[in-house]
Amino acid sequence: MNTTLNHPTAVSVQPVAITPDHILQTGLGFWASKTLLSAAELGIFTELARSPLDAEAIRQRLGLHERGVRDFLDALVALRFLERHNDQYSNTPETHLFLDRNKPTYVGGILEMCNARLFGHWNHLTEALRTGRPQNEVKSESDAFAALYSSPEKLESFLKGMTGISLGSAHALAQKFPWAQYRTVADVGAAEGAVPVTLALAHPHLKVVGYDLPVVQPVFEKYAQAKGVADRVRFQSGDFFKDPLPGADVIIMGHILHDWNLEQKYQLIQKAYDALPKGGAFIVFESLIDDNRRENAMGLLMSLNMLIETPGGFDYTGADCRQWLRDAGFHETRVEHLAGHDSMVIGIK
């Protein structure tokens with residue numbers, strides 16, 4: 001009789017390789033970021049939207065030195081922002097659609113603003129973490145927005161940046177909210193007008209108001225005129241802390257609440273509630289942090305950007321915002337994803 005015991009064969013488990021790749025890629029990520037930001041500043045994607053070009057033609061048109069141009073262009077290829085065929089460079093489908101300044105889908109305003117302002121300010125994140133103080137123009141000015149609006153060039157750069165970061169969410173908002181049930185809408189903190197204009201184009205029955213500081217009006221009206229909706233989109237000037245909000249069936253605040261501390265957030269939410277009719281809707285959209293504060297890195301990094309940019313602003317979770325809306329009196333609240341990292345919180349009065 002065979003008395004040999006059959007034991008299962010031991011399976012060799014290979015240890016998971018631990019590498020520093022993620023650490024190094026993130027730590028050196030500013031190389032790739034600045035390469036893209038400089039490309040946006042130079043207008044390379046707008047130039048290539050006209051036709052593919054070789055390196056020498058690009059160098060001459062953009063006034064670049066011969067030493068770095070090939071590495072710069074091929075780095076953009078490796079980063080998948082450009083394509084290269086037979087020494088001819090061209091845009092990728094994404095950069096062709098979103099980084100050509102001549103297209104209505106252009107989102108590069110936010111990249112240009114980051115390049116001109118935020119890239120340098122973020123160099124002082126460590127100081128902000130130690131002091132809790134903003135590291136932008138507020139370091140030398142008493143009011144960040146006054147500094148940003150102090151010249152036509154700074155103003156337009158900032159407002160175009162807001163268009164760039166809001167345009168995708170504006171299109172999603174136009175599709176996902178039941179606009180047929182409403183007639184009037186006010187976008188509070190409208191900037192250049194991306195949200196009001198997008199809603200007016202998508203829903204001709206809507207009468208839309210963009211509400212912002214008086215200095216914004218010429219830029220807003222120029223944008224609405226260019227998009228062909230100046231007859232249905234009007235500008236109302238005011239300071240949303242000092243003045244009444246416009247009355248409307250729907251009030252929107254997109255990328256607004258995160259600029260302010262908790263007391264100011266509550267103040268703006270209450271003003272929106274008071275300005276709405278019964279059954280009216282309040283829509284807040286931001287890069288909402290996920291409720292477990294683990295996944296939406298963009299929302300968390302945006303909150304650090306508020307540390308850099310504002311005296312007391314911070315980003316927040318959908319659960320946070322729903323509670324604030326309930327505290328103000330909204331009887332129904334919900335969170336819905338919009339586009340990319342952005343989601344909206346909806347409150348019904």
Side-chain angles (χ1 to χ4, degrees), residues 25-47 62 72 75-76 79-82 91-92 94-95 97-101 103 105-129 134-141 144-145 147-170 189 191-192 194-195 216 219 223 254-256 258-259 285-289 296-310 313-315 339-342:
Q25 184 176 16
T26 303
L28 300 177
F30 68 94
W31 290 0
S33 174
K34 191 62 177 75
T35 299
L36 175 60
L37 296 180
S38 288
E41 177 188 6
L42 290 165
I44 186 170
F45 305 108
T46 301
E47 201 66 44
L62 300 183
F72 176 58
L76 289 168
L79 291 168
R80 299 182 182 177
F81 297 124
L82 291 181
N91 290 331
T92 66
E94 292 82 5
T95 56
L97 182 61
F98 295 116
L99 291 181
D100 175 7
R101 290 171 178 154
K103 289 187 173 66
T105 48
Y106 181 67
V107 300
I110 185 63
L111 301 185
E112 294 183 45
M113 196 261 284
C114 285
N115 188 57
R117 295 184 59 251
L118 295 183
F119 194 89
H121 297 332
W122 267 73
N123 193 45
H124 302 285
L125 175 61
T126 305
E127 182 179 348
L129 291 168
Q135 302 299 310
N136 60 2
E137 293 85 355
V138 170
K139 294 184 78 172
S140 57
E141 302 278 351
F145 285 101
L148 287 173
Y149 291 4
S150 63
S151 73
E153 294 77 19
K154 288 183 179 179
L155 172 66
E156 191 156 0
S157 172
F158 177 75
L159 297 181
K160 286 183 181 298
M162 295 304 96
T163 294
I165 202 169
S166 299
L167 199 57
S169 290
E192 193 178 29
V195 172
V216 176
V219 181
Y223 185 81
H255 302 131
I256 296 295
H258 71 170
D259 289 334
F285 70 84
E286 309 266 18
S287 295
L288 293 178
I289 299 170
N296 189 0
M298 179 65 173
L300 292 160
L301 293 171
M302 182 65 82
S303 201
L304 288 177
N305 192 55
M306 292 302 101
L307 172 67
I308 294 285
E309 287 274 68
T310 71
F314 62 92
D315 282 76
H341 301 283
D342 274 6

J.: Could you check whether any side-chain N or O of Ser166 sits under 3.5 Å from a backbone N or O of Met162, counting only pairs where one atom can act as donor and the other as acceptor?
T.: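 Checking the backbone N and O of Met162 against the side chain of Ser166, a donor-acceptor pair under 3.5 Å is found.
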J.: Within this structure, what is the CG-NZ distance for the pair Leu155 and Lys160, rounded to the nearest 0.5 Å?
T.: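 One gets 10.5 Å once the value is rounded to the nearest 0.5 Å.
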J.: Applying side-chain contact (heavy atoms from CB on, under 4.5 Å) to Ile308 and Leu125, what does each step give before you reach the verdict?
T.: CA-CA 7 Å; Ile308 294 285; Leu125 175 61; 4.1 Å; yes
J.: Can you give me the closest heavy-atom contact between Phe119 and Ser33, atom names plus distance?
T.: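 That closest heavy-atom pairing would be CE1-OG, 4.2 Å.
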J.: Please report the shortest heavy-atom distance between Asp100 and Lys103, naming the atom on each side.
T.: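 It is OD2-NZ, 2.7 Å.
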J.: About how many Å separate NE2 of His341 and CD1 of Ile289, when rounded to the nearest 0.5 Å?
T.: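 Ile289 CD1 to His341 NE2: 13.0 Å, rounded to 0.5 Å.
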J.: For residues Ala194 and Ala170, report the shortest heavy-atom separation together with the two atoms involved.
T.: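 Nearest heavy atoms, Ala194 then Ala170: O-CB, 4.1 Å.
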J.: Does Thr35 use its side chain to pair, donor to acceptor, with the backbone of Trp31 at less than 3.5 Å?
T.: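 At least one qualifying donor-acceptor pair exists.
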J.: State which residues pass side chain to side chain donor-acceptor pair (under 3.5 Å) with Asp342; sequence neighbours excluded, sorted by chain then number.
T.: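 Residues passing side chain to side chain donor-acceptor pair (under 3.5 Å) with Asp342: Ser169, His255, Ser287.
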J.: Checking the side chain of Ser157 only, and the main-chain atoms of Glu153 only, is there a donor and an acceptor separated by less than 3.5 Å?
T.: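 No; judged by distance alone, with no hydrogens or angles, the pair does not exist.
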J.: May I have the step-by-step check of side-chain contact (heavy atoms from CB on, under 4.5 Å) for Leu118 and Gln135, ending in yes or no?
T.: CA-CA 10 Å; Leu118 295 183; Gln135 302 299 310; over 6 Å; no
J.: Below 4.5 Å, heavy atoms only, C-beta onward: do Val219 and Phe158 meet side chain to side chain?
T.: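 Not touching, per the 4.5 Å side-chain cut-off.
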J.: Could you walk me through whether Phe285 and Val195 pass side-chain contact (heavy atoms from CB on, under 4.5 Å), step by step?
T.: CA-CA 11 Å; Phe285 70 84; Val195 172; 3.9 Å; yes
J.: Do Lys34 and Asn115 come within less than 4.5 Å of each other through their side chains, counting heavy atoms only?
T.: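 The answer is yes; the side chains approach within 4.5 Å.
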J.: Look at the side chain of Ser303 and the backbone N and O of Phe314, then say whether any donor-acceptor pair between them is shorter than 3.5 Å.
T.: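 No: the side chain of Ser303 does not pair with the backbone of Phe314.
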J.: Indicate the atoms forming the closest heavy-atom contact of Leu304 with Trp122, along with that distance.
T.: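 It is CB-CH2, 3.7 Å.
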J.: Looking at CD of Glu47 and CG of Leu62, how far apart are the two atoms once the value is rounded to the nearest 0.5 Å?
T.: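 Output value for this atom pair is 6.0 Å.
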J.: Main chain of Phe45, side chain of Asn91: is a donor-acceptor contact present, judged purely on distance under 3.5 Å?
T.: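 Present.
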J.: Which pair of heavy atoms, one from Leu99 and one from Leu111, lies closest together, and at what distance?
T.: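 Looking at all heavy atoms of both residues, the shortest contact is CD2-CD1, 3.8 Å.
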J.: Looking only at non-hydrogen atoms, find the nearest pair between Gly299 and Asp315 and report the distance.
T.: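 That closest heavy-atom pairing would be O-CB, 3.7 Å.
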J.: Nearest 0.5 Å, what's the CG-CZ distance between Leu36 and Arg80?
T.: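 The distance works out to 15.0 Å.
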J.: Between Ile44 and Leu82, does a side-chain contact (heavy atoms from CB on, under 4.5 Å) hold up when you go through it step by step?
T.: CA-CA 10 Å; Ile44 186 170; Leu82 291 181; 4.2 Å; yes
J.: Flag the pair Leu159 / Val216 as yes when at least one side-chain heavy-atom distance between them is below 4.5 Å, and no otherwise.
T.: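 Yes, side chains in contact.
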J.: Is any side-chain heavy atom of Thr163 less than 4.5 Å from a side-chain heavy atom of Tyr106?
T.: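 No, too far: nothing below the 4.5 Å cut-off.
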J.: Would you kindly say whether His121 and Asn136 are connected by a side-chain donor-acceptor distance under 3.5 Å?
T.: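 The answer is no; no qualifying pair exists.
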J.: In Å, rounded to the nearest 0.5 Å, how long is the span from CD1 of Ile165 to CD of Glu286?
T.: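 Result: 9.5 Å between the selected atoms.
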J.: Which pairs count as salt bridge (charged side-chain N to carboxylate O under 4.0 Å, His left out) when at least one residue sits in residues 108-119, sequence neighbours excluded?
T.: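 Every salt bridge (charged side-chain N to carboxylate O under 4.0 Å, His left out) pair that includes a residue of residues 108-119, provided the two are not neighbours, is Arg101-Glu112, Arg117-Glu137, Arg117-Glu309.
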J.: Could you measure the distance from the CD atom of Glu192 to the CG atom of Leu167? Nearest 0.5 Å is fine.
T.: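 So the gap between those two atoms works out to 9.5 Å.
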J.: List in chain and number order the residues that pass salt bridge (charged side-chain N to carboxylate O under 4.0 Å, His left out) with Glu94, two or more places apart in sequence or in another chain; answer none if no residue qualifies.
T.: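 Not a single residue meets the salt bridge (charged side-chain N to carboxylate O under 4.0 Å, His left out) criterion with Glu94.
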